[in-house]
Protein chains: 2
Amino acid sequence: MPPKRNRASKEDSVRVKNDTNTKIKSKAVSNKRKSNTDDHEEPTAKRVKKVAKPVLNKIDTDLNEINFDCSKLNAIGNKYNLKISSWNVSGIRAVIKKNGMDYILKEDADIVALQETKCDKNKLPEEVKLKGYHYYFFESKKPGYSGVALYTKEKPVNIKYGLDNAEFDNEGRLITAEYPNFYLLNAYVPNAGQKLVTLPKRLKWNEVFKDYVKDLDKKKPVIICGDLNVAHQEIDLKNPKTNTKNAGFTKEEREGMTDFLDAGFVDTFRALYPDKADAYTFWSYFANARSKNIGWRLDYFLVSKQIKDNVCDNVIRDEVYGSDHCPIVLYINL
Amino acid sequence: MPPKRNRASKEDSVRVKNDTNTKIKSKAVSNKRKSNTDDHEEPTAKRVKKVAKPVLNKIDTDLNEINFDCSKLNAIGNKYNLKISSWNVSGIRAVIKKNGMDYILKEDADIVALQETKCDKNKLPEEVKLKGYHYYFFESKKPGYSGVALYTKEKPVNIKYGLDNAEFDNEGRLITAEYPNFYLLNAYVPNAGQKLVTLPKRLKWNEVFKDYVKDLDKKKPVIICGDLNVAHQEIDLKNPKTNTKNAGFTKEEREGMTDFLDAGFVDTFRALYPDKADAYTFWSYFANARSKNIGWRLDYFLVSKQIKDNVCDNVIRDEVYGSDHCPIVLYINL
DNA sequence: CGTTGAAGG
DNA sequence: CCTTAAACG
């Protein structure tokens, strides 16, 4: 069983105090006023809450049902010696309330990369402290917006926040951890926005980020993970036809991804499973998309070409709820 | 038992889907990286939620424990033939979620006056429709702010929204219902604000309102109910000494109340119970004030002097939770 | 639809 | 402390 935290039960009901001293029950006096209901202005909204809570916050089975290990060998014939988990939590405090840290502890990855933490450093609850990990939070200047975090068992040689760009570094979108034999980048790529209002900003990021990573790649192999906010190909989302003008599947964003990969990187999931459809990491909260698996693959592990054969597996943990994204896990031998 | 609505249980937990097809449990590979936790920047906020939810949303007993009838006779010797309930709900949608409408139905008053409904007409949920009542909502132009509602079994001769003052009528603070033999006024009086920033506005209200009511009082007797946002005398709040500079107990607000009563009205609760202490209708949500009964009497029934002897009783329903105010009930014979 | 801060109480 | 609307996704 996953450790359960003490949490208050939310019994939302009008309460009645227990010290009533007037218990005489008599029939209410008959009332001369007769009621008929007709002419008032009608309320238009339907109900306070639609029907039932989305299944999202309910436990069906427990985390022990998941196999967190991996027996697959990589192309070189080695088992993994490094496990990395990446998860867009869409608000770390909300995920904590849903016992999301239990998943992280159970996964027991060597490195955990979180995106959209949406929490100022001084508001981080105690629960973010995970024993056995060094952790690093990079927040946005805009409170409650964006933000990334990195947990790592081994202390990195160096930690760098941002990519030396004032605009993006104000938004807590990138942590670079340098290890002896590789760089690990945790990225939360700008969303192109409703009606693509921030597509220009996004394309600017693509350029700045590519330049930044190419420089690193000259020194050591690079592992990039996070929410890259693009479904690369048609296979990477349920409804490619109707989303070509929507954030995450525009021609520009898709070409940006292709362009990035052409610079010498591999989408590990697609490399391992070239034809696997219906494999998504994000589902809109709208219209119960997740239960119908109407999703997008927006979260990735990209690795430098030189270490692509080191990858053992890339797993999508779509059994894990708590956010509109699910975690993804990379097993690699480095 | 009060009728329970179908509501989703809020089991806030990270959920795991029930279709895991990989159940091989093998020991995680031993990891060469050793962990030691020391140097990261410390989170400063303590916990996500303090300790436990305030008792406010929990049912202890049920509404059947309350005696909603009244056998007391008024000074003329008559039992009541009219029951009026007044409740500052502090958000009608929140109260509905806590089954607050069950209280209203159980009380079964002839007239129900609500304050701080905080809901645009087009966002009112279905649950505001109560069978057997005509209802009238007066909203603020500022969404989610102020707003009053009136439920009445007998259809009034006339309904008037506001008091012909542009400033106050934009804020949904007053409904006047004219009945054959009296006026019923449902008022949500402006709060003087943090550091008394809106005390001038409040004092302006006092003048405008007094003039308005005095005019009505010349025609028919008046019953005023609602959140008058003042504790009149020291007996009307737990901590009079420390609150003389705070909204609700300033000299100006208290004198405003005295001044209003001097115009020919009676505070029915205090008239019936001149020395009753610890009788409050509001408790701050801060510091568990309600469980310690650190409260204020801010909600009133005021009646024209000419009908003061018609009053049978004025009850404070402090057993009813769901808001930071509790309901009050007037039993009268008219 | 769900998370967040901000205003208001 | 609690409710709400607005921004963002």
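A quick note: this is a predicted structure, and the numbers were derived from the prediction, not measured.
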Would you tabulate the pairs of protein nitrogen or oxygen atoms and nucleotide nitrogen or oxygen atoms of nucleotides 6-8 of chain C closer than 3.5 angstrom?
unit_1, atom_1, unit_2, atom_2, d
dG8(C), OP1, K142(B), NZ, 2.8

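Summarising the geometry, the separation between OH on Y285(B) and C1' on dG9(C) is reported as 10 Å, rounded to the nearest angstrom. A straight line from CG of D299(A) to P of dG9(D) spans 15 Å, rounded to a whole angstrom. Atom C1' of nucleotide dA5(D) and atom CG of N122(B) are separated by 13 Å, given to the nearest angstrom. For D120(A) and dT4(C), the CG to P distance is 12 Å, given to the nearest whole Å. At whole-Å resolution of the value, CD in E139(B) and C1' in dT3(D) are 17 Å apart.
The stretch residues 188-201 of chain B touches DNA chain C through Y188(B), N191(B), each having a heavy atom within less than 4.0 Å of the strand.
Contact annotation: the side chain of L174(A) never approaches that of V148(A) to less than 4.5 Å [non-hydrogen atoms, C-beta and beyond]. Between L228(A) and L302(A), the closest side-chain pair of non-hydrogen atoms falls below 4.5 Å.
Shown here are the side-chain hydrogen bond (donor to acceptor under 3.5 Å, both in side chains) partners of S85(B), two or more places apart in sequence or in another chain: Y103(B). Shown here are the side-chain hydrogen bond (donor to acceptor under 3.5 Å, both in side chains) partners of S90(B), two or more places apart in sequence or in another chain: there are none. For K251(B), the salt bridge (charged side-chain N to carboxylate O under 4.0 Å, His left out) partners are E255(B), not counting sequence neighbours. Not a single side-chain hydrogen bond (donor to acceptor under 3.5 Å, both in side chains) links W205(B) to another residue, sequence neighbours left out.
Salt bridge status for K123(A) with E139(A): absent, with no side-chain N to carboxylate O gap under 4.0 Å.
Taking the six-membered ring for Trp and the full ring otherwise, F209(B) and F260(B) have centroids separated by under 6.0 Å.
In this structure, R202(A) does not reach the dG9(D) phosphate: none of its side-chain N or O atoms is under 4.0 Å from OP1 or OP2.
When distances run from any side-chain atom of A94(A) to the nucleotides dT3(C), dG5(C), dC1(D), the shortest one goes to dT3(C). Closest to the side chain of E116(A), out of dA5(D), dG9(C), dG9(D), is dG9(D).
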